[in-house]
Amino acid sequence: MSTTDTGKTAADGAEEATAPAPAKRHVGVSADGELGAAGSQLSTAPVETVVPGSFGGVRKPGAAGWLAWTGREITGWARWFWRQLTSMRVALLLLFMLSLGAIPGSLIPQSGTDAVKVQDFKDAHSVLGTVYDKLGLFHVYSSVWFSSIYILLFVSLIGCIVPRTWQFVGQLRGRPPGAPKRLNRLPAYATWRTDAEPEQVREVALKVLKKRRFRAHIDGNAVAAEKGYLRETGNLLFHLALIVMLIAFAWGQLFKSEGNKLIVEGDGFSNTLLSYDDFKSGNLFSTDDLTPFSFDLKKFTGTYEETGPNKGTPRTYQADITYSVGAEGKEQKTTVKVNEPLEIGDSKVYLVSHGYAPVVTVRDGKGKVVYSEPVPMLPLDSNVTSQGAIKVMDGYRNGKGEKEQLGFSAFFVPTFAGAGEGDMFSQFPALNYPVLALSGYHGSLGVDSGLPQNVYQLDTSEMKQFKDSKGDILKKRLLPGETMTLPNGAGSITFEKDIKEWAGFQVTQQPGSDWALVGAFTAIFGLAGSLFIQRRRVWVRAATGADGVTVVEMAGLGRSESSKLPEELGDLAALVHEQAPTKPDEDEPAAPDPDAEPPVPAAGKAEKR
């Protein structure tokens with residue numbers, strides 16, 4: 001096509017072809033840009049800009065030109081990456097990925113929580129276990145990929161919130177922008193003519209807007225006002241709260257500790273690492289961070305509903321203890337209940353479980369007492385049907401005078417349901433009819449091998465079971481005070497009348513939990529503010545028309561289209577109209593009807609742009 005056909009030269013066409021795409025307009029800005037500053041953003045959300053394909057431009061010859069071009073290219077891509085990382089869509093994507101990453105941490109056993117289950121899973125699934133191990137699915141929350149998502153989300157939130165906060169502070173310190181040239185282009189608009197002077201109308205409008213808690217000032221022939229800053233405040237608070245929650249969560253995971261201890265009535269506990277039955281902690285936790293304290297369990301009290309649909313449900317569940325803080329702390333008494341922990345420094349002591357510990361006495365063939373202790377039993381159901389193991393490791397000699405070790409499989413019920421087929425069970429959790437069932441073994445318990453054992457189970461691989469004179473397995477159900485005699489002068493075991501109870505305690509140190517709670521509540525309030533509060537601007541212009549009559553124009557602009565904005569503008573217009581009423585038309589009758597409705601401003605109009 002020739003230049004005479006279009007009226008453009010080839011140079012003009014090339015220049016037009018390389019011109020960048022026009023920038024995006026904000027909500028409320030007209031095509032000809034008439035709104036200007038009045039239509040600027042009503043939020044602090046970052047503006048997306050067009051990113052060129054190359055940031056370095058033309059590369060000059062030589063090493064210096066290459067270095068300059070490379071530096072510009074790296075800087076440009078770094079800025080582009082930073083803009084993408086701090087955008088809202090990337091933050092939401094990272095948050096979604098974080099929630100997805102937490103799913104395997106809930107479904108797959110974690111080494112930090114239960115290493116035994118992890119090993120059992122690996123043994124049962126050799127191939128899948130290896131894959132999971134390489135992907136870090138057995139320690140999700142400390143894995144590289146989960147930490148990367150977590151850190152990127154943290155950086156994204158900080159990179160988003162800091163500039164938006166400074167921008168919002170600048171908006172608070174500034175004044176609402178002046179009125180645009182053509183107010184009738186805005187979504188909500190009203191106008192009327194009045195005999196009042198323009199200065200009088202502006203003063204009335206300024207007073208009305210300030211009474212409605214608008215930030216307002218007179219700018220030329222118009223009043224500019226703005227309201228709804230709490231929307232952006234809530235938005236910023238929500239993001240700040242997320243940062244606080246992330247920091248609190250990370251701090252708590254790195255410095256947390258959690259240990260469990262089973263204590264029988266009359267025994268005590270000292271908050272040292274060796275005193276725990278099991279213990280796990282964060283990567284940065286040190287044993288020096290353990291709060292120095294100790295306590296003794298004096299008595300456990302448990303009462304239960306005896307009748308009705310809630311039969312067997314605990315009514316009272318509490319542990320009476322005495323504790324002291326530090327090496328020379330004064331002894332104090334307190335009661336620990338479910339969900340009412342004992343707080344000592346940064347540590348909390350929770351009551352988490354309960355059971356029975358029947359006292360048994362074991363004698364050898366000569367009647368010498370070689371074992372006399374309460375034996376904690378692990379509950380199997382809500383009625384405290386329990387099982388355990390009794391291990392006599394030292395001091396026992398059989399009927400021939402030979403050193404041996406004894407083991408007894410024990411089954412205990414606090415309220416015996418009667419003899420029947422199969423295993424016995426309890427029908428109520430209280431000590432109404434306690435029965436202890438025993439079967440004995442002799443030989444080696446395997447404790448001398450150095451391998452850890454479960455204290456509630458017997459390793460019978462190197463033991464033989466006691467048998468009676470008929471060759472049957474020796475087992476017996478004992479009532480309190482009864483004794484089971486072992487064959488061949490091997491001794492006896494007695495179920496003492498004294499039955500103790502035990503309580504399971506969990507001692508936790510979770511730094512940052514209070515901050516996480518504060519962050520959660522702040523996030524809720526901030527989100528509510530950002531959803532239910534609308535930021536909007538209102539202008540009232542009063543100027544003398546060509547015929548000498550004052551023309552009043554009112555218009556409003558919101559961050560997003562809302563049916564409440566025209567309604568609010570109508571209310572404001574009505575208040576201004578009361579003191580600057582509409583000038584009657586000269587063609588109308590001189591005597592208006594006193595019963596007629598008062599004139600109202602012109603109806604607002606909505607225009608989608």
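Worth knowing before you read on, the calculation uses all heavy atoms, side chains too, and leaves out hydrogens, waters and symmetry mates. Note that the numbering runs from 1 along the sequence shown for the chain.
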- Can you see which heavy atom on Ala357 is nearest to which on Pro374, and at what distance? O-CB, 3.7 Å

- Task: Count the heavy atoms of every other residue, nucleotide or ligand shown that sit under 6.0 Å from CG of Asp120, and state whether that count exceeds 12.
- Result: yes

- With no hydrogens and no angle check, is any side-chain donor or acceptor of Thr303 less than 3.5 Å from a backbone partner on Thr316? yes

- Message: Using every non-hydrogen atom in the two residues, find where Ala410 and Met377 come nearest and quote the distance to one decimal.
- Response: CB-CE, 3.2 Å

- Quick one: are Leu479 and Val435 in side-chain contact, heavy atoms under 4.5 Å? yes

- Take Leu94 and Leu85, measure what side chain to side chain contact (heavy atoms under 4.5 Å, CB included) needs, and give me the verdict at the end. CA-CA 10 Å; Leu94 290 172; Leu85 181 61; 4.2 Å; yes

- Item | Spatial distance of atom CD (Glu496) from atom OG1 (Thr483) [nearest 0.5 Å] | 7.5 Å

- Roughly how far apart are Asp289 CG and Leu284 CG, rounded to 0.5 Å? 9.5 Å

- Message: Given 3.5 Å as the limit, does a donor-acceptor pair link the side chain of Asp346 with the main chain of Gln509, or not?
- Response: no

- Item | Candidates Tyr350, Phe269, Phe295 - the one meeting ring-ring contact (aromatic ring centres under 6.0 Å, His included) with Phe505 | Phe295

- Message: Quick check on Phe96: does its CZ atom have over 12 non-hydrogen neighbours (other residues, nucleotides or ligands) under 6.0 Å away?
- Response: no

- Look at the side chain of Trp502 and the backbone N and O of Tyr356, then say whether any donor-acceptor pair between them is shorter than 3.5 Å. yes

- Side chains of Ile158 and Ile243 in contact at under 4.5 Å (non-hydrogen atoms): yes

- Message: For Val244 and Val518: C-alpha separation, side-chain torsions, deciding distance, then whether side chain to side chain contact (heavy atoms under 4.5 Å, CB included) applies.
- Response: CA-CA 8 Å; Val244 170; Val518 171; 5.9 Å; no

- So do the side chains of Asp394 and Tyr371 get within less than 4.5 Å of each other, counting heavy atoms only? no

- Query: Any side-chain heavy-atom pair from Arg363 and Thr494 closer than 4.5 angstrom?
  - Reply: yes

- Is the shortest heavy-atom distance from the side chain of Leu297 to the side chain of Asp267 under 4.5 Å? no

- Message: Taking the side chain as everything from C-beta on, heavy atoms only, tell me whether Phe412 gets closer than 4.5 Å to Val384.
- Response: no

- Side chains of Asp277 and Asn260: is there a donor and an acceptor less than 3.5 Å apart? no

- Parallel, tilted or perpendicular, as decided by the 30° and 60° cut-offs, for the rings of Phe249 and Tyr150: tilted

- Which heavy-atom pair separates Ala91 from Leu153 by the least distance, and what is that distance? O-CD1, 3.7 Å

- Query: Is a side-chain donor or acceptor of Lys298 paired with a backbone partner of Thr322 at a separation under 3.5 angstrom?
  - Reply: no

- Just how far is it from atom OG1 of Thr301 to atom NZ of Lys337, taken to the nearest 0.5 Å? 10.0 Å

- Spacing of CG belonging to Leu380 relative to OG belonging to Ser426, to within rounding of 0.5 Å: 10.5 Å

- Query: For the side chain of Arg231 and the backbone of Ile533, is there at least one donor-acceptor N/O pair under 3.5 Å apart?
  - Reply: yes

Under 3.5 Å, which donor-acceptor pairs do the side chains of residues 124-139 form with other protein atoms, sequence neighbours left out?
unit_1	atom_1	unit_2	atom_2	d
His125	ND1	Phe121	O	3.2
Thr130	OG1	Ser126	O	2.8

- Message: Please verify the inter-ring angle class for Phe300 with His354; under 30° counts as parallel, over 60° as perpendicular, anything in between as tilted.
- Response: parallel

- Using the six-membered ring wherever Trp is involved, compare the ring planes of Phe428 and Tyr304 and label them parallel, tilted or perpendicular (cut-offs 30° and 60°). perpendicular

- Do other residues, nucleotides or ligands put more than 12 heavy atoms under 6.0 Å from Lys475 NZ? no

- Item | Check: Phe238 ring centroid to Phe525 ring centroid under 6.0 Å | no

- Query: Would Thr361 and Ser372 count as a side chain to side chain donor-acceptor pair (under 3.5 Å) if you check the C-alpha gap in whole Å, the side-chain angles of each, and the deciding distance to 0.1 Å?
  - Reply: CA-CA 4 Å; Thr361 300; Ser372 183; 3.1 Å; yes

- Rounding to 0.5 Å, atoms OG (Ser513) and CH2 (Trp251) come to a distance of 13.0 Å

- Task: Spell out, as yes or no, whether a donor-acceptor pair under 3.5 Å connects the side chain of Ser347 to the backbone of Gly345.
- Result: no

- Item | Gln110 side chain near Val140 side chain, heavy-atom distance below 4.5 Å | yes

- Between CZ of Phe285 and NZ of Lys280, what distance do you get to the nearest 0.5 Å? 12.5 Å

- Apply side chain to side chain contact (heavy atoms under 4.5 Å, CB included) to Val507 and Phe279, showing your working. CA-CA 9 Å; Val507 182; Phe279 185 86; over 6 Å; no

- Task: Give a yes or no answer on whether the side chain of Lys391 reaches the backbone of Gln457 with a donor-acceptor pair at less than 3.5 Å.
- Result: yes

- Query: Near Ile473 CD1, under 6.0 Å, is it more than 12 heavy atoms from other residues, nucleotides or ligands?
  - Reply: no

- Item | Side-chain heavy-atom pair Asn235, Arg164 within 4.5 angstrom cut-off | yes

- Note on the structure: Scanning both residues in full, the closest heavy-atom pair of Ala490 with Phe466 reads CB-CE2, 3.9 Å

- Between the side chain of Ser275 and the main-chain N/O of Asn271, is any donor-acceptor distance below 3.5 Å? no

- For Trp82 and Val155, what are the C-alpha separation, side-chain angles and deciding distance, and is it a side chain to side chain contact (heavy atoms under 4.5 Å, CB included)? CA-CA 10 Å; Trp82 178 254; Val155 173; 3.8 Å; yes

- Query: Do Thr415 side-chain atoms and Gln427 backbone N/O form a donor-acceptor pair below 3.5 Å?
  - Reply: no

- Just by modelled atom types, is the Leu445 backbone N or O under 3.5 Å from a matching donor or acceptor in the Gln405 side chain? yes

- Query: Ser270 and Ser294: side-chain donor and acceptor closer than 3.5 Å?
  - Reply: no

- Message: Tell me if the CH2 atom of Trp145 is crowded by more than 12 foreign heavy atoms within 6.0 Å.
- Response: yes

- Between the side chains of Thr385 and Asn383, is a donor N or O closer than 3.5 angstrom to an acceptor N or O? no

- Query: With no hydrogens and no angle check, do the side chains of Gln465 and Thr460 hold a donor and an acceptor under 3.5 Å apart?
  - Reply: no

- Message: Testing the basics here: between Gly440 and Phe408, what is the closest heavy-atom pair and its distance to 0.1 Å?
- Response: CA-CD2, 3.5 Å

- Message: Please give me the minimum heavy-atom distance between Met484 and Leu474, naming the atom from each residue.
- Response: SD-CG, 4.2 Å

- Neighbour count >12 (heavy atoms, 6.0 Å) for atom CD, Glu306: no

